[in-house]
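Index from 1, following the sequence. Atoms within a ligand are numbered from 1 in the order they appear, just like the ligands themselves.
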Amino acid sequence: MQKTPFARGFATRSIHQGYDPLAYHGALNPPVFLTSTYAFDKAEIGSQRFAGAADGYIYSRVGNPTVSILETRLADLEGGEAALATSSGMGALTTVLWTLLRAGDEVIADRTLYGCTFSLLRHHIQRFGLTVRFVDLADPANLAREINSRTRLVVTETPSNPNMRLVDIAAAAEIARGAGALLLVDNTYCTPYLQRPLERGADIVIHSATKYLGGHGDLLAGAVIASKDFIDQFRLVGVKELTGACISAFDAFLILRGLKTLALRMDRHCANALQLARELERHACVARVYYPGLDSHPQKALADRQMSQHGGMIALELKGGLDAGRKFMDAVTLATRAVSLGDAETLVQHPASMTHATYAPEERAAHGFTDGLIRVSVGLEDYDDIRDDFVAALDSVR
Ligand code: 3LM
């Protein structure tokens with residue numbers, strides 16, 4: 001019996017979902033609709049579209065056929081009703097926040113988050129009359145204790161950037177729901193191939209599609225996946241009138257191309273990262289490796305429960321601290337010294353002075369990551385070459 005599209009596997013859906021070549025002159029790949037505006041047959045049709053009484057495109061800030069194919073595919077892969085593609089991961093986050101929050105609302109955010117997400121919540125959002133409290137969400141009991149009737153939104157990443165702490169999505173979702181709050185999970189590190197927060201009760205998933213979803217380090221983009229009701233608001237109020245954070249059709253095309261190999265790439269990222277984490281843990285210069293697939297990770301059992309594999313990101317501390325870390329970073333020859341993640345190339349960076357320089361030194365300490373922490377986005381190169389590069393660089397700082 002022919003399987004219905006929904007019953008098809010993840011890799012199949014990442015290649016086909018939402019696109020029928022026969023509807024586009026047989027073109028194997030989705031056309032890139034490079035247009036800002038759309039012609040209306042008659043004035044009345046335009047009025048109806050603006051009033052929401054007729055379907056059809058109006059203007060590419062609000063919708064574009066290439067972008068729609070991407071949105072259909074992302075919603076399907078995350079197991080959500082609908083999706084909105086945005087100009088960047090930060091564009092996805094701000095679109096959600098500006099749409100949902102009102103002065104007087106409170107946000108509870110996890111203690112470790114990507115540096116710009118942290119900075120937005122720590123330094124900027126207060127001027128709009130919002131309160132943000134940073135709570136250690138690695139223990140759901142802390143959320144249960146801190147949440148209250150003013151809490152509108154709970155913001156998490158799991159695993160967190162940069163120190164790989166996990167949040168129990170199902171537990172956090174239940175607590176948030178009980179208090180009338182919404183749970184937002186930034187699923188950038190995992191992609192829906194490894195973890196699907198909506199299936200565990202989260203309300204909103206966001207992505208930096210700049211990372212694994214695009215997968216080739218050649219674009220900036222983001223996405224939000226949620227119920228159709230929320231996505232309509234994020235599109236028709238959020239992107240349309242509050243942030244303008246719309247994606248370009250060309251970047252949507254590149255993500256659609258990247259998605260075709262998402263499953264293959266994630267399998268390889270995960271396999272390389274697990275082997276590398278084990279190898280690093282054995283090295284005499286390494287004080288600690290943070291990777292949820294290691295037995296030494298304090299939340300390994302949770303990782304096994306909510307992730308299908310343990311991802312392509314590793315963090316490590318060297319025994320010689322920051323100095324040794326800097327020497328190590330300068331000594332690698334295959335890996336690239338660069339921020340961002342999820343690319344084919346292995347990338348190494350120093351969170352305290354780069355991606356997470358937005359945290360004050362005392363905040364980094366309080367939020368659980370040291371100045372010596374090095375972050376690795378394990379790439380798709382041959383594992384032996386990555387290992388040789390890292391071992392030689394570590395040996396050189398002894
Ligand atoms: C980085 N991260 O190197 P964009 N959510 C997560 C992220 O890691 C990021 C965003 C959202 C990095 C970018 S740092 C200058 C480079 C978990 C980005 C934001 O707006 O698409 O960059 O996504 O960790």
Side-chain angles (χ1 to χ4, degrees), residues 70 74 78 84-98 109-122 124 137 155-167 169 184-192 194-195 197 202 204-225 238-239 243-248 251-252 254-255 258 269 290 292 307 311-315 329 335-343 345-359 364 367 369 373-379:
L70 173 64
L74 288 176
E78 278 287 3
L84 170 74
T86 58
S87 57
S88 67
M90 289 307 292
L93 179 66
T94 52
T95 297
V96 170
L97 297 183
W98 300 160
D110 193 12
R111 292 179 76 82
T112 349
L113 295 165
Y114 164 58
C116 294
T117 304
F118 171 75
S119 186
L120 167 66
L121 296 172
R122 171 80 179 78
H124 302 301
L137 299 182
V155 176
T156 66
E157 290 168 9
T158 178
S160 65
N161 184 354
N163 59 357
M164 311 301 291
R165 284 163 62 267
L166 267 55
V167 174
I169 299 169
L184 177 151
V185 177
D186 182 329
N187 203 27
T188 298
Y189 262 38
C190 282
T191 82
L194 303 184
Q195 174 174 277
I204 300 162
V205 165
I206 65 165
H207 281 277
S208 169
T210 315
K211 319 299 187 211
Y212 292 106
L213 298 181
H216 296 76
D218 51 8
L219 60 93
L220 276 138
V224 187
I225 301 98
V239 167
T243 66
C246 50
I247 190 173
S248 95
D251 287 340
L254 288 177
I255 300 170
H269 282 297
Y290 301 81
M307 301 166 70
M313 299 299 295
I314 297 178
M329 280 184 58
T336 306
R337 285 170 290 281
V339 298
S340 204
L341 58 110
D343 297 334
E345 296 80 2
T346 295
L347 307 177
V348 294
Q349 69 104 7
H350 176 230
S353 66
M354 298 176 187
T355 52
H356 293 70
T358 50
Y359 284 73
R364 287 197 286 274
H367 292 222
F369 57 101
L373 195 78
I374 303 290
R375 193 188 74 183
V376 183
S377 170
V378 183

Please identify each residue that fulfils side chain to side chain donor-acceptor pair (under 3.5 Å) with Glu157, with sequence neighbours left out.
-> none
For ring pair (Phe, Tyr, Trp, His ring centres under 6.0 Å), just list the numbers for Tyr359 and Phe369, CA-CA rounded to whole Å, side-chain angles, deciding distance to a tenth of an Å, and then say yes or no.
-> CA-CA 10 Å; Tyr359 284 73; Phe369 57 101; 5.1 Å; yes
Side chain to side chain donor-acceptor pair (under 3.5 Å) involving Ser377 - partner list, sequence neighbours excluded = none
For Asp110, salt bridge (charged side-chain N to carboxylate O under 4.0 Å, His left out) partners two or more places apart | Arg165
For Arg337 and Met329, work out which heavy atoms get closest and say how close.
-> NH1-O, 2.7 Å
Could you list, one pair per line, each nitrogen or oxygen of ligand 1 together with any protein nitrogen or oxygen closer than 3.5 Å, giving atom names and the distance rounded to 0.1 Å?
from: ligand 1; atom 1: 2 (N); to: Lys211; atom 2: NZ; distance (Å): 3.4
from: ligand 1; atom 1: 3 (O); to: Ser340; atom 2: N; distance (Å): 2.7
from: ligand 1; atom 1: 3 (O); to: Arg375; atom 2: NH2; distance (Å): 2.8
from: ligand 1; atom 1: 5 (N); to: Asp186; atom 2: OD2; distance (Å): 2.6
from: ligand 1; atom 1: 8 (O); to: Asn161; atom 2: ND2; distance (Å): 3.0
from: ligand 1; atom 1: 20 (O); to: Gly89; atom 2: N; distance (Å): 3.1
from: ligand 1; atom 1: 20 (O); to: Met90; atom 2: N; distance (Å): 2.9
from: ligand 1; atom 1: 21 (O); to: Gly89; atom 2: N; distance (Å): 2.8
from: ligand 1; atom 1: 21 (O); to: Ser208; atom 2: OG; distance (Å): 2.8
from: ligand 1; atom 1: 21 (O); to: Thr210; atom 2: OG1; distance (Å): 2.6
from: ligand 1; atom 1: 23 (O); to: Ser208; atom 2: OG; distance (Å): 3.1
from: ligand 1; atom 1: 24 (O); to: Asn161; atom 2: ND2; distance (Å): 2.9
from: ligand 1; atom 1: 24 (O); to: Arg375; atom 2: NH1; distance (Å): 2.7
from: ligand 1; atom 1: 24 (O); to: Arg375; atom 2: NH2; distance (Å): 3.4

Heavy-atom pair with the smallest gap, counting every atom of Ala202 and Ile169 | CB-CG2, 4.2 Å
